[in-house]
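Chain letters run A, B, ... following the sequence lines, proteins first, then strands; residues in each count from 1.
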2 protein chains.
Amino acid sequence: MQRRMGNQPTRQATRPRMVLVPGARLALRDHVRHQLRTAILSGNFAPGERLNERALAEELEVSTTPLKEALRQLEAEGLIEVLPRRGLVVRYDAGFAEEMILARAALESAIAALAARRADDGAIERLGETVATMAEATEKADIAHLIRLNECFHGEIHRAAQSVHLARLVAQQQFYDDTARRVIHRDHNDSRAALEEHSGICAAIVARDADRASALMGAHVQRSGRLYLSAVFGKERS
Amino acid sequence: MQRRMGNQPTRQATRPRMVLVPGARLALRDHVRHQLRTAILSGNFAPGERLNERALAEELEVSTTPLKEALRQLEAEGLIEVLPRRGLVVRYDAGFAEEMILARAALESAIAALAARRADDGAIERLGETVATMAEATEKADIAHLIRLNECFHGEIHRAAQSVHLARLVAQQQFYDDTARRVIHRDHNDSRAALEEHSGICAAIVARDADRASALMGAHVQRSGRLYLSAVFGKERS
DNA sequence: TTTTGAAGTTTGATATATCAGACTCCGAAG
DNA sequence: CTTCGGAGTCTGATATATCAAACTTCAAAA
């Protein structure tokens, strides 16, 4: 992790900000958190491994303060556990990932049910368009586009549901990254299955059928989750 | 928020602390987190209110380091939002609490489904006993006992489901405290309704009917959640 | 009167020093 | 040989100092 980060144009009495920095400067702790999270989810730490704060701080080239903040966040997410005065332990393993899938499925189900009740005309229209675009991308096997559309689809449902907290929680239950995503989406059969599911969910929401939307969403998330699980851990469980 | 929180032998390390706190001494940040969480959930901060780290630290009589750690945890829970370089904002309000109920319901549902599949004989037996005891306590209107048994009931289901992460997430979705709990459980009609629901859930788990256990649990959590919501916020929404 | 911009103030971000609990390990006593 | 204990070391917990971004304010210019 690089120490330097303030090479932005240092407000030199110019206009009030024309150049919006794309990524907006994140706090150091957020970099650290992201870095650690990725490392944990990639299995770079053995499950149960004791971590040393000082060593980690040194390795990441930051002081212990932002590191500690990042660790507290990861602790709140459940990825690590803190034994007071004794250190940190990584809690993430295949079983944990499996529970993340279940949590994600449960939460997305709840959101889908909300969306079926609350979606306005605009949201329904956008959702339909997204699914239509997804159909095209699936035919063309445009993986990158498909990944983006997938996020878009779920994001639109979240917005239609007017859920903030639920959406946040869902976002926390993601244990795979773009690499795994590309691997998954490469399977054309799976893409077609996913498209079927997406259409079904969309239809249920349009029909205001909250129960069906919820059930379909749950099944969809669990199915694709298991796929990711096998991609990341190379195994499946019942 | 009351100003007093730390009568621990803080400050000088002069005397070697003769009074040993009974349980494992919690880290200061955990005290701070609990205190802040309670204050937020009690509505002691206006929603949207900007918070000042230094002022908070001073009020709680701790330095900014443990305070920051506590804030990061609350941020990860979604109760506060951090605007980088600009401060903290409390995000909790009635709408947030409502989403917490939905999240809790969704997660407890998932756990109940797992429990129906995974519960062993011992777990089933304990669950049955707990429900029986709850029936007695309900008859006697033993509120304190009922509250304890209620936690016990859900705890046993969590254990039977062998869920760790899901149980953690559920625990985070609690916006009421013992005070609200006592208020709710005072209503005898509600206690009977809750008992009915608990029995039904127990029966579904014993019958290995995951779908029914899940559905009943979801309905139970949502119903009682709405009750808490009205107790805490004095209003309900659809 | 409105606008702007620069200095001063506020406040979060980061680094570092220090404190104290917990572990290790070895030697002495039983 | 086993057990107990205490000194030394490791490491997390806490406090504090410093840095830098963002906000405020006020005066000067248009």
Side-chain angles (χ1 to χ4, degrees), chain A residues 1-21 23-33 35 49-75 80-90, chain B residues 5-33 35-36 49-75 80-90:
Chain A
M1 178 162 302
Q2 67 280 32
R3 180 176 292 271
R4 273 271 60 80
M5 42 193 333
N7 279 348
Q8 259 85 41
T10 44
R11 102 179 357 279
Q12 285 288 3
T14 43
R15 275 165 280 96
R17 167 179 328 184
M18 262 181 84
V19 183
L20 246 287
V21 184
R25 211 187 103 123
L26 288 172
L28 195 46
R29 63 163 168 277
D30 291 316
H31 284 292
V32 172
R33 175 163 56 92
Q35 196 103 344
E49 179 179 352
R50 286 261 313 260
L51 266 52
N52 179 311
E53 288 193 0
R54 281 190 171 94
L56 272 179
E58 193 173 340
E59 187 171 343
L60 294 169
E61 295 186 325
V62 298
S63 82
T64 63
T65 310
L67 175 70
K68 284 173 91 67
E69 294 185 69
L71 290 175
R72 293 317 148 232
Q73 294 183 304
L74 295 174
E75 184 191 5
I80 63 176
E81 188 180 347
V82 173
L83 312 172
R85 302 264 175 198
R86 297 186 55 195
L88 312 162
V89 178
V90 175
Chain B
M5 77 169 284
N7 277 352
Q8 258 87 33
T10 46
R11 292 289 106 89
Q12 284 312 339
T14 47
R15 71 262 177 201
R17 171 170 318 151
M18 284 182 69
V19 184
L20 247 287
V21 185
R25 207 185 105 134
L26 289 172
L28 197 46
R29 64 163 169 277
D30 291 316
H31 285 293
V32 172
R33 176 164 56 92
Q35 196 100 347
L36 284 176
E49 180 178 350
R50 287 254 321 252
L51 266 51
N52 177 310
E53 287 193 1
R54 280 189 171 93
L56 272 179
E58 194 173 341
E59 187 169 346
L60 295 169
E61 295 187 326
V62 298
S63 82
T64 63
T65 310
L67 175 71
K68 285 172 89 67
E69 294 185 72
L71 289 175
R72 291 321 147 229
Q73 293 183 305
L74 294 174
E75 184 191 7
I80 64 176
E81 187 179 348
V82 173
L83 313 171
R85 304 263 175 197
R86 296 186 57 195
L88 312 163
V89 178
V90 175

Can you check the [X] [atom1] to [N] [atom2] distance for me, whole Å?
X        : N       : atom1 : atom2 : answer
Arg50(B) : dT24(D) : CZ    : C1'   : 12 Å
Glu53(B) : dA22(D) : CD    : P     : 15 Å
Glu49(B) : dT11(C) : CD    : P     : 13 Å
Lys68(A) : dT16(C) : NZ    : C1'   : 13 Å
Leu28(B) : dT14(D) : CG    : P     : 5 Å
Glu58(A) : dT11(D) : CD    : C1'   : 14 Å
Glu69(B) : dA13(D) : CD    : C1'   : 8 Å
Leu83(A) : dG21(C) : CG    : P     : 17 Å

Side chain of Ser63(A) - closest among dA13(C), dT16(C), dT14(D):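 Output: dT16(C).
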Gap separating the CD atom of Glu61(A) from the CG atom of Leu67(A), nearest 0.5 angstrom: 13.0 Å
Partner residues of Arg72(A) under the salt bridge (charged side-chain N to carboxylate O under 4.0 Å, His left out) criterion, sequence neighbours left out: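 In terms of salt bridge (charged side-chain N to carboxylate O under 4.0 Å, His left out), with neighbours along the sequence ignored, Arg72(A) is linked to Glu53(A), Glu75(A), Glu69(B).
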Ile80(B) vs Val89(B) side-chain heavy atoms within contact, under 4.5 Å: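 When only atoms from C-beta onward are counted, Val89(B) and Ile80(B) do not touch, as no gap falls below 4.5 Å.
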Position toward the 5' end of DNA chain C (nearest nucleotide), Asn52(B) or Thr65(B): Asn52(B)
Sugar-phosphate only, base, or nothing, as touched by Leu51(B) at under 4.0 Å among non-hydrogen atoms: sugar-phosphate
Arg86(B) side-chain N/O to dT11(C) phosphate OP1/OP2 under 4.0 Å: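 No.
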Partners meeting side chain to side chain donor-acceptor pair (under 3.5 Å) with Glu58(A) (sequence neighbours left out):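 In terms of side chain to side chain donor-acceptor pair (under 3.5 Å), with neighbours along the sequence ignored, Glu58(A) is linked to no residue.
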Any donor-acceptor N/O pair under 3.5 Å between dG12(D) base and Arg54(A) side chain: yes
